[in-house]
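Down below is the structure, laid out as structure tokens.
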Protein chains: 2
Amino acid sequence: MKDITPQQQKVLDCIQVYINKTGFPPTRADICRELGFKSPNSAETHLRALEKKGFISIESGASRGISINNPEITHLENEYPIVGLVAAGSPTLASENVEKVLNCPKGFFGSDFDYFLRVRGLSMKDAGIMEDDLIAVKKTQEIKNGDIVIARIEDEVTVKYFQRSAPNIIHLKPANEEFSDIEVNLEETELYIEGKSVGLIREN
Amino acid sequence: MKDITPQQQKVLDCIQVYINKTGFPPTRADICRELGFKSPNSAETHLRALEKKGFISIESGASRGISINNPEITHLENEYPIVGLVAAGSPTLASENVEKVLNCPKGFFGSDFDYFLRVRGLSMKDAGIMEDDLIAVKKTQEIKNGDIVIARIEDEVTVKYFQRSAPNIIHLKPANEEFSDIEVNLEETELYIEGKSVGLIREN
DNA sequence: CGTTATACTGTATAAATATATAGTATAATT
DNA sequence: AATTATACTATATATTTATACAGTATAACG
């Protein structure tokens, strides 16, 4: 997917908003009205550029024949993707990792959140986090000691309690006697915090 | 919402399928093609009937101005009460027991459910049920061994694993070593099953 | 310096589309 | 027996819409 220009982004956003609002895509004239253009050809050229770059598809000849490609990344309001514990490198929300989407009211857990993570393993069992549970993950770097974080150490993604023991030493603590602490020295090992848990859902 | 006729259902399905497939709603002519009608007015009259009955909305004058009124997303009937572990006698869902209500899509946990129960204590800790968790309770008497049930024994309400050991003997088993089994002899003691757990939510 | 991509206005028009009007026919309801 | 809702065909037409063509202007690229 090539780079998008600021104006093209505005047009793309406009299409998304229009679809969310009305349920069907805009015409060239609609886009002009929304963005203040005075000629339908302004919209037309932007649409053709977006199509060429792969952001949208246009059904030729059909009225309102615009559809947005990769809608799972710009997820609809209230639709949250469920992702598995994925290996590093691949972006967490890439469509190939999305198991399905779950309809959930915004602010369901008091705090905003970005996606659900499907839990593997029992390392957080004593915190009441069981296999196959869905953790509501908020992508943030604002972590306090004791928070349950989704951390990536080199190639592995895990869910653990966060504790900073020294400026450069972080302990990732499981909630299960059978597992042991992970000590991370930030000078030696790369640690990336994907976000923290703000809630949990169990389906059974 | 009034009754839908079989033909109207076919038209409604056709619209949904068309939107899923193309990303935008069909025209009258598209519907005719899909369903084998030979006049656009056939589609038109069905659309007007569906609009009158509330299943769809039609933006007048706009091409492809059809949108499906999806009651499951737009409905505000998805309000479920949260109740505490209330003593017997008082009806569980009486307003004085309702802490607050939580907006939650219907069928969120695969199965239907009736209310949320705020958990007190740690007797089901090893099942991943912690203090202050919300259990989605389905009011039912269809209980299998191993289900997590909300049971009332005389004056006490508890959440436990259900196990029928003999026709008249039921064991209510905690998931915590520090608690012990409750054996109920149905000939001696009154046991009422409020329902069973079909899901869990944790807010933090 | 010429070329190319972006970002527009303005006009024109063929094709797509909604929608009204005029019928036919059947089944259910009053 | 008359009315109403459903379920269509057939035709007509005003409006909507996509989209081509002709320009203007600016910034980036090699």
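Order of the sequence lines fixes the chain letters, A, B, ..., with proteins taken first and strands second; residue numbering starts at 1 for each chain.
A close approach under 4.0 Å does not occur between any side-chain nitrogen or oxygen of A/Lys53 and OP1 or OP2 of C/dA5. Of the side-chain N and O atoms in A/Thr45, none sit less than 4.0 angstrom from OP1 or OP2 of C/dC8. Proximity of B/Lys38 to the phosphate of D/dT11: no side-chain N or O atom is located under 4.0 Å from OP1 or OP2. Look at A/Gln7 and you won't find any side-chain N or O under 4.0 angstrom from OP1 or OP2 of C/dT6. Note on A/Gln8: a side-chain N or O is less than 4.0 Å away from OP1 or OP2 of C/dA7. Contact between the side-chain N/O atoms of B/His46 and the OP1/OP2 oxygens of D/dA7 is found at a separation under 4.0 Å.
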Sugar-phosphate or base contact per nucleotide [nucleotides 23-30 of chain D; S, B, -; heavy atom under 4.0 Å]:
--------
Close N/O contacts between protein and nucleotides 13-18 of chain D (under 3.5 Å):
from, atom 1, to, atom 2, distance (Å)
D/dT17, OP1, A/Arg64, NE, 3.2
D/dT17, OP1, A/Arg64, NH2, 2.4
D/dT17, OP1, B/Ser63, N, 2.9
D/dT17, OP1, B/Ser63, OG, 3.2
D/dA18, OP1, A/Arg28, NH1, 3.3
D/dA18, OP1, A/Arg64, N, 2.8
D/dA18, OP2, A/Arg28, N, 2.9

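Between B/Arg152 and B/Glu194 there is a salt bridge, since at least one side-chain N of the basic residue sits less than 4.0 Å from a carboxylate O of the acidic one. Between B/Asp13 and B/Lys10, no side-chain nitrogen of the basic residue sits less than 4.0 Å from a carboxylate oxygen of the acidic one, so the salt-bridge criterion is not met.
Here D/dT6 presents its C1' atom at 14 Å from CG of B/Leu47, a figure rounded to the nearest Å. One can place NZ of B/Lys10 at 10 Å from P of D/dA7, the figure rounded to the nearest angstrom. Between B/Ile4 atom CD1 and D/dT6 atom C1' the separation is 13 Å, expressed in whole Å.
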After noting the C-alpha distance and the side-chain angles of B/Tyr161 and B/His171, does the key distance pass the ring-ring contact (aromatic ring centres under 6.0 Å, His included) rule?
CA-CA 8 Å; B/Tyr161 282 120; B/His171 282 259; over 10 Å; no
Please evaluate residues A/Glu44 and A/Arg28 with respect to the criterion side-chain contact (heavy atoms from CB on, under 4.5 Å), reporting the C-alpha separation (whole Å), side-chain torsions for both, the decisive distance (0.1 Å), and the verdict.
CA-CA 6 Å; A/Glu44 178 70 17; A/Arg28 274 62 166 171; 2.6 Å; yes
Take A/Asp133 and A/Arg202 through the test salt bridge (Lys or Arg N to Asp or Glu O under 4.0 Å) and record every step on the way to the result.
CA-CA 5 Å; A/Asp133 283 358; A/Arg202 182 173 306 149; 2.9 Å; yes
After noting the C-alpha distance and the side-chain angles of A/Ile153 and A/Glu190, does the key distance pass the side-chain contact (heavy atoms from CB on, under 4.5 Å) rule?
CA-CA 6 Å; A/Ile153 313 165; A/Glu190 197 199 344; over 6 Å; no
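Checking B/Glu187 against B/Asn168 by side-chain atom types alone, a donor-acceptor pair falls below 3.5 Å. B/Thr140 and B/Lys196 share no side-chain donor-acceptor pair at under 3.5 Å. If you check the side chains of A/Asn176 and A/Ser123, you find no donor sitting under 3.5 Å from an acceptor.
In terms of polar N and O atoms assigned as donor or acceptor, the side chain of B/Ser42 never comes within less than 3.5 Å of the base of D/dA7 in a complementary pairing.
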